[in-house]
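The structure under discussion appears below in the form of structure tokens.
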There are 2 protein chains.
Amino acid sequence: MARQRTTTGKVRLTEVAKLAGVSPITASRFFRNPEALSAGKRERVESAARELGYVPDLAARALASQRTEVIGVLIPSLTNNVFSDVLRGIYDALQGSRYSIQLVNTRYSFLQEEKLLRLFQAQRPAGLVVTGINQTPDSRLVMEAMNCPIVQIMEIGPDPVDMMVGFSHNKAAFSAVSHLLARNYRRIGFLGARMDPRVQRRLEGYRDAMKAAGLYDPRLIITTPVPTSVSMGGMLFADLLTLVPDMDAVFCVNDDIALGVLFECQRRQISVPDDMAIVGFNDLEFMAAAVPPLTSVRTNRYEMGRNAISMVMAAIDGERPEAPVIDLGFQLMVRGSSSPRPA
Amino acid sequence: MARQRTTTGKVRLTEVAKLAGVSPITASRFFRNPEALSAGKRERVESAARELGYVPDLAARALASQRTEVIGVLIPSLTNNVFSDVLRGIYDALQGSRYSIQLVNTRYSFLQEEKLLRLFQAQRPAGLVVTGINQTPDSRLVMEAMNCPIVQIMEIGPDPVDMMVGFSHNKAAFSAVSHLLARNYRRIGFLGARMDPRVQRRLEGYRDAMKAAGLYDPRLIITTPVPTSVSMGGMLFADLLTLVPDMDAVFCVNDDIALGVLFECQRRQISVPDDMAIVGFNDLEFMAAAVPPLTSVRTNRYEMGRNAISMVMAAIDGERPEAPVIDLGFQLMVRGSSSPRPA
DNA sequence: CAATCGCATGGTAGCGCTGTCAATAATCGT
DNA sequence: ACGATTATTGACAGCGCTACCATGCGATTG
């Protein structure tokens with residue numbers, strides 16, 4: 001015996017098996033598939049495990065079985081409260097299951113995403129949740145090679161790697177802008193910050209709606225690559241209003257910007273919605289509480305997270321959904337900030 | 001050979017070692033302590049690893065070394081944007097290090113926390129970050145037995161399990177209320193939701209300040225156990241104002257509630273700060289953008305997350321901080337919502 | 001009643017990596 | 001120049017668990 005490692009003070013499966021009077025492999029089975037044991041042994045193993053306070057060693061299990069019970073989640077940002085809702089759904093769906101989450105932050109970088117995917121590949125997760133549908137070709141290859149259920153979340157598209165749960169940002173924006181048009185707003189500005197792929201698609205939806213109405217004017221669009229914030233909303237609005245003094249409404253790519261616009265209007269004594277209508281995106285909780293209440297597009301972020309994890313867990317158990325792509329849709333929450341305007 | 005497992009298509013350390021012409025153990029050392037190798041072998045192993053696209057198997061490493069490179073993080077809520085800032089700091093501090101985060105949600109339940117701590121104990125994390133200082137006695141025992149650096153965050157207290165980084169919620173609230181008193185506000189209400197331990201301490205700070213001024217009146221306090229929200233702020237304010245019509249200021253336990261109060265004031269044509277001063281807590285970004293700008297207590301949440309991880313990583317390397325408890329303090333951000341009031 | 005089947009259980013041999021210690025090569029002091 | 005010290009390297013075994021196969025047993029069947 002050339003080796004004398006520090007004995008880990010930890011209870012092993014072997015000890016549980018010995019106390020229960022069964023072989024280690026039977027004890028092992030108890031934890032993975034209790035139904036395979038006879039009732040008597042099942043009880044014996046269970047009470048032995050409880051008595052010794054046995055907790056399985058996940059590393060050993062992962063090494064021996066070449067599987068883990070970890071679901072990898074790739075999120076582009078932790079700042080954005082949109083993702084905190086998704087995360088809440090993810091963690092809620094996880095409750096009581098045997099899976100755990102490995103959360104990583106891509107920081108809106110496709111290269112970072114690719115790197116993190118490769119890292120996950122080496123650790124054999126049981127499943128994967130990735131944000132968006134714009135992965136690099138290399139990232140797609142890695143995912144396709146990964147032999148585990150994968151759900152793309154936040155938006156939907158024609159070519160899922162595996163499964164998808166989200167909604168059409170284009171349609172949602174189109175619907176919001178159409179609502180303003182239907183209420184006789186004509187010079188509708190677009191305010192955008194941190195133009196990630198989903199925000200880009202909202203811009204496309206805005207363009208489509210304005211073009212369809214024959215009211216498209218590129219001067220109505222203002223965007224910035226910097227991250228979004230309430231104060232940024234106020235600044236973008238102020239800048240755009242200087243360039244387009246006859247603007248009568250704004251569509252904001254998110255609610256922070258919409259709130260910033262509301263505050264800027266209050267500051268300048270611009271009446272909302274009489275002088276300026278405001279529509280936001282995501283329908284964060286404060287939108288309904290604002291004065292006036294702010295119209296927004298409700299997106300089902302919590303459900304997206306929940307569904308994504310449910311789909312992954314079901315797929316691990318071999319239960320694939322009928323349709324690989326789930327459209328969770330959106331609801332336009334019409335409120336006082338976009339009341340009908342006299343024609 | 002009774003066994004014929006499905007061969008994993010994966011590159012192992014042995015292959016790297018063979019290609020580099022060294023023993024597996026030398027290749028292993030390359031990844032953990034490259035300086036221990038001679039320059040020649042180091043380069044050979046490095047290029048062999050790159051050529052084969054070697055990625056270490058973390059489960060095997062964890063099993064063999066009885067260590068992991070995972071830092072466990074226990075957070076009570078994912079909804080609260082306070083914690084998203086902390087998380088951002090945590091993930092930023094992690095960048096480029098070899099550690100990864102295992103994030104779990106205690107849902108403000110001490111029992112859940114205890115359960116999760118036991119789970120972590122079995123997985124031998126390299127370090128631990130836990131929220132708050134009110135763990136159960138059993139949780140403390142588990143942590144003390146854990147033989148890894150532990151940082152308690154969000155607040156500070158006299159008896160750290162290991163290390164702490166936070167600030168005094170009591171002092172911060174005391175300072176905010178004292179500010180209102182100094183500006184001649186007299187009937188200062190307290191609005192609280194989800195009364196977790198830290199919010200309780202803010203209430204204590206409020207009480208201390210009001211009592212010191214001889215202005216304490218329990219009727220000025222309204223709280224609810226339900227989670228916080230902007231609309232809840234409006235409701236609490238409306239309720240309290242009915243009970244205490246001569247209230248001239250409110251101290252809100254967080255900024256969501258403060259924003260709800262501002263909106264409710266706008267709805268009721270109550271002028272801020274002339275008829276009602278507002279002070280919030282945390283200084284979220286929108287506070288400065290509101291109309292009028294809202295006074296708040298800035299808390300260094302991002303830095304808390306960052307420092308916690310830095311301290312854990314330093315402690316793992318044996319570099320313990322001089323003082324185990326770091327007070328990150330707070331700053332009262334005085335703005336228009338609490339302008340001096342004529343006496 | 002023998003042959004067959006399915007079920008519960010056990011034996012054996014690793015999963016891929018690293019701790020321990022020994023062996024060798026290189027460097028140093030006197 | 002020689003033994004002593006230090007820097008490199010390697011051999012071996014095993015971390016705790018599970019995949020694979022074999023076994024024994026009672027139930028089923030023609």
Side-chain angles (χ1 to χ4, degrees), chain A residues 1-18 20-45 48-49 52-69 98 121-124 126, chain B residues 1-18 20-45 48-49 52-69 98 121-124 126:
Chain A
M1 204 75 59
R3 170 74 149 300
Q4 194 62 11
R5 280 197 180 172
T6 43
T7 328
T8 62
K10 165 175 217 178
V11 180
R12 272 161 310 171
L13 191 55
T14 322
E15 275 114 66
V16 175
K18 197 176 295 173
V22 300
S23 72
I25 188 67
T26 301
S28 166
R29 268 193 278 264
F30 168 76
F31 292 101
R32 288 171 297 136
N33 183 18
E35 280 74 41
L37 300 201
S38 63
K41 305 226 166 174
R42 194 179 324 153
E43 272 167 39
R44 293 230 301 284
V45 175
L52 297 174
Y54 172 72
V55 184
D57 184 317
L58 264 36
R61 184 179 280 181
L63 180 60
S65 69
Q66 297 293 348
R67 287 184 284 103
T68 64
E69 291 178 341
R98 62 184 188 284
Q121 187 180 28
Q123 310 318 329
R124 308 169 185 281
Chain B
M1 203 73 62
R3 172 73 148 299
Q4 192 62 9
R5 281 199 181 170
T6 45
T7 329
T8 62
K10 165 176 221 179
V11 181
R12 272 161 310 172
L13 191 55
T14 322
E15 275 112 66
V16 175
K18 198 177 293 172
V22 300
S23 73
I25 189 66
T26 303
S28 166
R29 268 192 278 263
F30 167 77
F31 291 101
R32 289 171 295 138
N33 183 19
E35 280 74 41
L37 268 66
S38 63
K41 305 227 165 177
R42 195 181 320 154
E43 273 167 38
R44 294 230 302 283
V45 176
L52 296 173
Y54 172 73
V55 184
D57 183 318
L58 264 38
R61 184 178 281 181
L63 181 58
S65 68
Q66 297 294 348
R67 289 185 284 103
T68 65
E69 290 177 343
R98 63 184 188 284
Q121 186 180 27
Q123 310 317 327
R124 308 170 185 281

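Per chain, numbering begins at 1; letters A, B, ... match sequence-line order.
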From [options], nucleotide with atom closest to [X] side chain:
{"X": "B:Ala60", "options": "D:dT18, D:dT9, C:dC17", "answer": "C:dC17"}
{"X": "A:Thr26", "options": "C:dT18, C:dG10, D:dC15", "answer": "C:dG10"}
{"X": "B:Ser65", "options": "D:dG10, D:dC15, C:dG19", "answer": "C:dG19"}
{"X": "A:Ser28", "options": "C:dT9, C:dG19, D:dT18", "answer": "D:dT18"}

Modelled atom types, side-chain donor and acceptor of B:Ser28 and B:Arg32, under 3.5 Å: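 Result is yes, a qualifying pair exists.
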
Calculate the interatomic distance between [X] atom [atom1] and [N] atom [atom2]; express it in whole Å.
{"X": "A:Arg44", "N": "C:dT9", "atom1": "CZ", "atom2": "P", "value": "9 Å"}
{"X": "A:Ile25", "N": "D:dC21", "atom1": "CD1", "atom2": "P", "value": "14 Å"}
{"X": "B:Phe30", "N": "D:dA7", "atom1": "CZ", "atom2": "C1'", "value": "18 Å"}
{"X": "A:Arg61", "N": "D:dT18", "atom1": "CZ", "atom2": "P", "value": "5 Å"}
{"X": "A:Leu63", "N": "C:dA13", "atom1": "CG", "atom2": "P", "value": "18 Å"}
{"X": "B:Arg67", "N": "C:dG16", "atom1": "CZ", "atom2": "P", "value": "20 Å"}
{"X": "B:Leu37", "N": "C:dT18", "atom1": "CG", "atom2": "P", "value": "13 Å"}
{"X": "B:Leu58", "N": "C:dC17", "atom1": "CG", "atom2": "C1'", "value": "11 Å"}

Rounded to the nearest 0.5 Å, what separation is found between the OG atom of A:Ser23 and the NZ atom of A:Lys41?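 Reported to 0.5 Å precision, the distance equals 7.5 Å.
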
Does [X] put a side-chain nitrogen or oxygen below 4.0 Å from OP1 or OP2 of [N]?
{"X": "A:Gln66", "N": "C:dG16", "result": "yes"}
{"X": "B:Ser38", "N": "D:dA7", "result": "no"}
{"X": "B:Arg29", "N": "C:dT18", "result": "no"}
{"X": "B:Ser23", "N": "D:dA11", "result": "no"}

Need one value for [X]: base, sugar-phosphate or nothing, where a base atom within 4.0 Å counts as base even if backbone is also close, heavy atoms only.
{"X": "B:Phe31", "result": "nothing"}
{"X": "B:Arg42", "result": "nothing"}
{"X": "A:Ala36", "result": "sugar-phosphate"}

Check B:Glu15 with B:Lys18, please: is the shortest side-chain N to carboxylate O separation under 4.0 Å?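 No, no charged N to carboxylate O under 4.0 Å.
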
Close side-chain approach of A:Arg61 to A:Thr68, heavy-atom, < 4.5 Å: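 Side-chain contact under 4.5 Å: no.
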
Minimum heavy-atom separation for B:Asp57 to A:Leu63, with atom names?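 Result for this residue pair: OD2-CD1, 4.4 Å.
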
